[in-house]
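Notes follow once the structure below has been shown.
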Amino acid sequence: MTLSDYSGFKLTSALTNSLSVSWQSPSNIALVKYWGKTGRQIPLNPSLSLTLSKALTETRATAYPRETEGSVEPDFWFEGKQNVAFGERIRSFLESITDIFPWLVQVSLKIETHNTFPHSAGIASSASAFSALALCLCSLDAELNGIILNEIEFRQKASYVARLGSGSACRSVFPGFTIWGSARALPGSSNFIAIPANEVHPVFKTLRDTILIVNEKEKPVTSSEGHNRMTGHPYAEARIKQAGKNIAELLDALKNGDKQTFIRIVENEAFTLHALMMTSDDGFMLMNPETVRIINRIQEIRKETGLDICFTLDAGPNVHLLYFEDQIEQVNKLIIEDLLKNNKQNLRIDDLYGNGPLKIG
Ligand code: PMV
């Protein structure tokens, strides 16, 4: 199967019984950031992320028989309640992929979803959400139309579909470190699907990510809006070049177990993402004073103690503290006594290298 073969089939006979599938999918944190897109969710630059383990979305999709064909109107439930705002985003996504799943107009679809983490906590809930939904749609497609794909083809198709919902979601379909976007350093990389980075030194499989929650509120500028501001950005060309170079160096570091290069590139990427936001037309800043204090402390403590710690940021104020399993005790002490000292509720999410999505029903 090639990527252009994803246009699908209508059902040849009406569905007689309901059909349910469920998937659990993790979020991911980008280490080389996707920022800016063109066309039908084509990234301006390649990105590389770590699929996490604990920040999960669980989704059940049920197709019911429907008497007459019509527009796609999913019955969408989030955390046990019908949710109109999210439901609308899901509806327009499903409508945009009826070329891939033409049967979407022939069934009634119920989607029930919940997260194991707060959706507005600045961790990429859209990545886990669209990855879980794409996997459900591909499973339903397989059962409804009898399409048999091998495991790799199935995941590739799910990655393709997830990308159309939220770019970063295409990376959550695979375990560990994944790359999305054509990168010269990696033959086989693609703008349409993510691929796993296979050569990874065992030390990087012990990577931990503790998200230090600085602000739980929804972001003032959505990532969609942020991507748009890369169009005509004065530094766009330089950014695309830099991302390619950073991916190449990071892949070498992952292969060789080179923690120092990893730390240098990961922090360079976090600063670059936020610098691009600040220097776009109508610039904006998502860091707040506590974000800056924590970042400064992480860099100072690394110099003072030699701990292999570094930070990255998503499109929000919360700080992802990255470290390795063998230093977990020292880092935990540091989090409690220093990094979260202004955070009375001690809000943190402890996550780690993850093995990818799981079919749960
Ligand atoms: O997938 P989106 O459209 O939510 O964009 C994600 C953008 C960043 O999280 C900032 C970077 C990334 O590569 O995940």
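Model, not experiment: these values are computed from the prediction. We count ligands from 1, going down the list as the structure has it; atoms in each ligand are counted the same way.
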Of the listed options S49, S168, G36, A169, closest to atom 1 (O) of ligand 1 (non-hydrogen atoms) = S168
query = Of S131, S172, S128, which meets side-chain hydrogen bond (donor to acceptor under 3.5 Å, both in side chains) against T57?
reply = S128
query = Where do R171 and S47 come nearest, in terms of heavy atoms and distance?
reply = NH1-OG, 2.8 Å
note = Of M277, R171, K33, K37, the residue with the heavy atom nearest atom 12 (C) of ligand 1 is R171
query = Taking distance alone, with no angle check, do S47 and ligand 1 share an N/O pair under 3.5 Å?
reply = no
From L207 atom CG to K259 atom NZ, the distance as rounded to the nearest 0.5 Å = 9.5 Å
inquiry  = Measuring from non-hydrogen atoms of W180 to any atom of ligand 1, is the shortest distance under 4.0 Å?
reply    = no
task = Give the numbers and elements of all ligand 1 atoms closer than 4.0 Å to a heavy atom of S126.
result = 4 (O)
Partners passing salt bridge (Lys or Arg N to Asp or Glu O under 4.0 Å) against K245 (at least two apart in sequence or in another chain) = E249
ask   = Taking only heavy atoms of D314, which atoms of ligand 1 are found under 4.0 Å from at least one of them?
value = 8 (C), 9 (O), 10 (C)
query = Can you name the closest pair of heavy atoms from E269 and K33 and give their distance?
reply = OE1-N, 2.9 Å
task = Examine Y323 together with F311 and report whether their ring centres are nearer than 6.0 Å.
result = no
task = Could you list the atoms of ligand 1 found under 4.0 angstrom from a heavy atom of G167?
result = 1 (O)
request  = Please could you name the atoms of ligand 1 that A30 approaches to less than 4.0 Å, counting only its heavy atoms?
outcome  = 12 (C), 13 (O), 14 (O)
